[in-house]
Amino acid sequence: MKLHNAHKTCWNCPAAILKGNVDFRACGQSLEAIRQRIEREGLLIECARLPDLGHFEPTITFEECPEWRPTKYGYLLENMRVMILGIDGYLGWTLALKLGALGCEVSGVDCFLRRKMVRELGADSVVPIYPMEERLKAAKEVLDIDIKFRKINILDREKLGQFMREVQPEAIVHYGEIPSAPYSMIDCDHAIQVQYNNVIGTLGLLFLMKEICPEASLIKLGTLGEYGAPLTGRPLFEGLFPADAILRWRGREWSLGGELTPRDPVSFYHVSKVQDTFNIYEACKYWWLRSYDVMQGVIYGVHTDEVAADPRLRTRLDVDEWFGTVVNRFVAQAILGMPLTVYGEGEQIRGFIALEDAMECMVRLISSPPEPGQYDVVNQVSGLYKVSELAETVARVAAEFGYDVKIQRVENPRVEADYHPFEVVSTKLPNELGFTPKVPLEVEIRRMFELLTQPHIVERIKKVAHLIRPRTWWSGEKRVVETLEVYRPGTRRRRGFKPKLITDRERFPTSKMEEVERAVEALGEGGDGDKG
Ligand SMILES: NC(=O)c1ccc[n+]([C@@H]2O[C@H](COP(=O)([O-])OP(=O)(O)OC[C@H]3O[C@@H](n4cnc5c(N)ncnc54)[C@H](O)[C@@H]3O)[C@@H](O)[C@H]2O)c1
């Protein structure tokens, strides 16, 4: 019985010192040329964790290696050193606790920029979050997790480099960017701030990785919004065209296989992510860095077992127009008795995933590092929904909690198509990384109502209620959007296109998936186990 990454070898392992007896990176050759050379001449490596092995061929599998331990998310490097950039954020903090609970040595940096930006806009996280010192203390007390934290601005390369030298990370998760499209569209200063922070931060990081930890994998957060929503209906492939994609022009044909797919970013924030994509792609090519660029769907929700373990461990949740993502905003509006604000026709389709599922995907990516030089992209999404459909779902769950909710269509301050086809390919996480979504939309929305209806949180939602309705227009205009129509859930006919999520699950024999599930079950309740 095999876990999904059982067959990976030292070639993928960050502990393998690839210089060995030949520094193939210094050759400056293409992957293909290097492969041929390795086949011809062989490549010997050393292991940073098991130096007694001396020089050997990089053929030991994760399943065979005593340093890789089986968990319910695949083999995971024992005490893997994972550095999280942006560890104080919505996702960073949640992932830090999850990785800590799995036995990783977690370190992280943050300069509390998100807290500052939110404060300056007069908003606040509606779920109370604690200062970092208290978060760290609670992580130790409640979950017995030690997190090594440094307050560092990623743009300060000297300080970040020092910390990276000290930690010697084996994986770096880069969440440390400004994550908001509307924030980047406020005005020129905000657009420049977002692009400078995100693009220059990531570019500097790539140079530091080259110098300090070229074997570490970089798991970088991009967004599905990098692709836009092509009106032709062309599928959103996972970053690169598949081998059988063909370009036809004037009677001639070319394979597009392996080329980056076109991007059509939808705000200055999204442009910063596209720029990151190209910089990372190049760094992998020039310096043999390895990276997963995660085209992340919109994340919603509040729950993982670790953040729910103590109020001091909760992660932030924002509902204002700049930092509140759509499902989170709708739940807050329902609790306030405010009709849910759907922009424009509400027929826009986007990709989504619950917080808990997104965290599981990240662990699976960390546990399955790419090969040296490999730039890969995964589309991390578990469902595609129309905005109006999300509003209907939130209204339905709200009714279970005794809220009578209406929906309002408002002017759309963004520049985006009201009606568009949307076909998203997401085959790698389910088929190569063994991921199955576990948290249906309604389940997570229910968990949100359970948490956000607590009286002290309702008070906090009331304080930011006036910041939910948008006033930031892509045109540069500054005025609160007008209501176009108010309707009761279930009374409006849905029109437009039907989204399609292509996972290719059916192409993989069920028996294979069952085998993986049995292997996971054999690990027992806690999910961890010793090697048999
Ligand atoms: N939350 C989502 O739905 C979503 C969807 C798609 C992509 N993403 C991406 O995931 C990443 C994390 O998102 P999030 O929702 O956790 O955002 P967040 O704002 O809560 O977290 C980002 C953290 O990075 C820190 N940071 C930013 N710039 C920094 C710098 N220069 N130096 C040090 N720290 C810095 C912030 O202070 C913050 O704590 C972002 O890159 C975002 O674009 C998020």
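One-based numbering, in listed order, for ligands and for the atoms of each. Nothing here was measured: the structure is a model prediction, and the numbers come from that model. What you see below is based on every heavy atom in this structure, not just the backbone, and it leaves out hydrogens, waters and symmetry mates.
Within 6.0 Å of CZ on Arg157 lie no more than 12 heavy atoms contributed by other residues, nucleotides or ligands. Counting heavy-atom neighbours within 6.0 Å of Lys438 NZ, excluding the residue itself, gives a total above 12.
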Under 3.5 Å, which donor-acceptor pairs link side chains of residues 415-422 to any protein atom two or more places apart or in another chain?
| residue | atom | partner | partner atom | Å |
| --- | --- | --- | --- | --- |
| Glu416 | OE1 | Arg350 | NH2 | 2.9 |
| Glu416 | OE2 | Gln348 | NE2 | 2.9 |
| Glu416 | OE2 | Asn412 | ND2 | 3.0 |
| Asp418 | OD1 | Glu345 | N | 3.2 |
| Tyr419 | OH | Glu345 | OE1 | 3.2 |
| Tyr419 | OH | Arg495 | NH2 | 3.1 |
| His420 | NE2 | Ile349 | N | 2.9 |

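Residue pairs satisfying the side chain to side chain donor-acceptor pair (under 3.5 Å) criterion with at least one member in residues 205-218, sequence neighbours excluded, are listed as follows: Arg25-Glu215.
Taking the six-membered ring where the residue is Trp, Tyr375 and Tyr281 present perpendicular rings, their angle passing 60° and hence far from 30°.
In this structure Glu389 satisfies the salt bridge (charged side-chain N to carboxylate O under 4.0 Å, His left out) test with no other residue, sequence neighbours excluded.
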Any protein N/O atoms within less than 3.5 Å of an N/O atom in ligand 1? List the atom names and distances, or say none.
| residue | atom | partner | partner atom | Å |
| --- | --- | --- | --- | --- |
| ligand 1 | 3 (O) | Ile299 | N | 2.9 |
| ligand 1 | 16 (O) | Tyr90 | N | 3.4 |
| ligand 1 | 16 (O) | Leu91 | N | 2.9 |
| ligand 1 | 19 (O) | Arg114 | NH1 | 2.8 |
| ligand 1 | 20 (O) | Tyr90 | N | 2.8 |
| ligand 1 | 20 (O) | Arg114 | NH1 | 3.0 |
| ligand 1 | 28 (N) | Gly176 | O | 3.3 |
| ligand 1 | 28 (N) | Asn197 | ND2 | 3.1 |
| ligand 1 | 31 (N) | Asn153 | OD1 | 2.9 |
| ligand 1 | 31 (N) | Asn197 | OD1 | 2.7 |
| ligand 1 | 32 (N) | Asn153 | OD1 | 3.4 |
| ligand 1 | 32 (N) | Ile154 | N | 2.9 |
| ligand 1 | 34 (N) | Cys111 | N | 3.3 |
| ligand 1 | 37 (O) | Asp110 | OD1 | 2.7 |
| ligand 1 | 37 (O) | Leu113 | N | 3.1 |
| ligand 1 | 37 (O) | Arg114 | N | 2.9 |
| ligand 1 | 39 (O) | Gly89 | N | 3.2 |
| ligand 1 | 39 (O) | Asp110 | OD1 | 3.3 |
| ligand 1 | 39 (O) | Asp110 | OD2 | 2.7 |
| ligand 1 | 41 (O) | Lys273 | NZ | 2.7 |
| ligand 1 | 43 (O) | Tyr269 | OH | 2.6 |
| ligand 1 | 43 (O) | Lys273 | NZ | 3.0 |

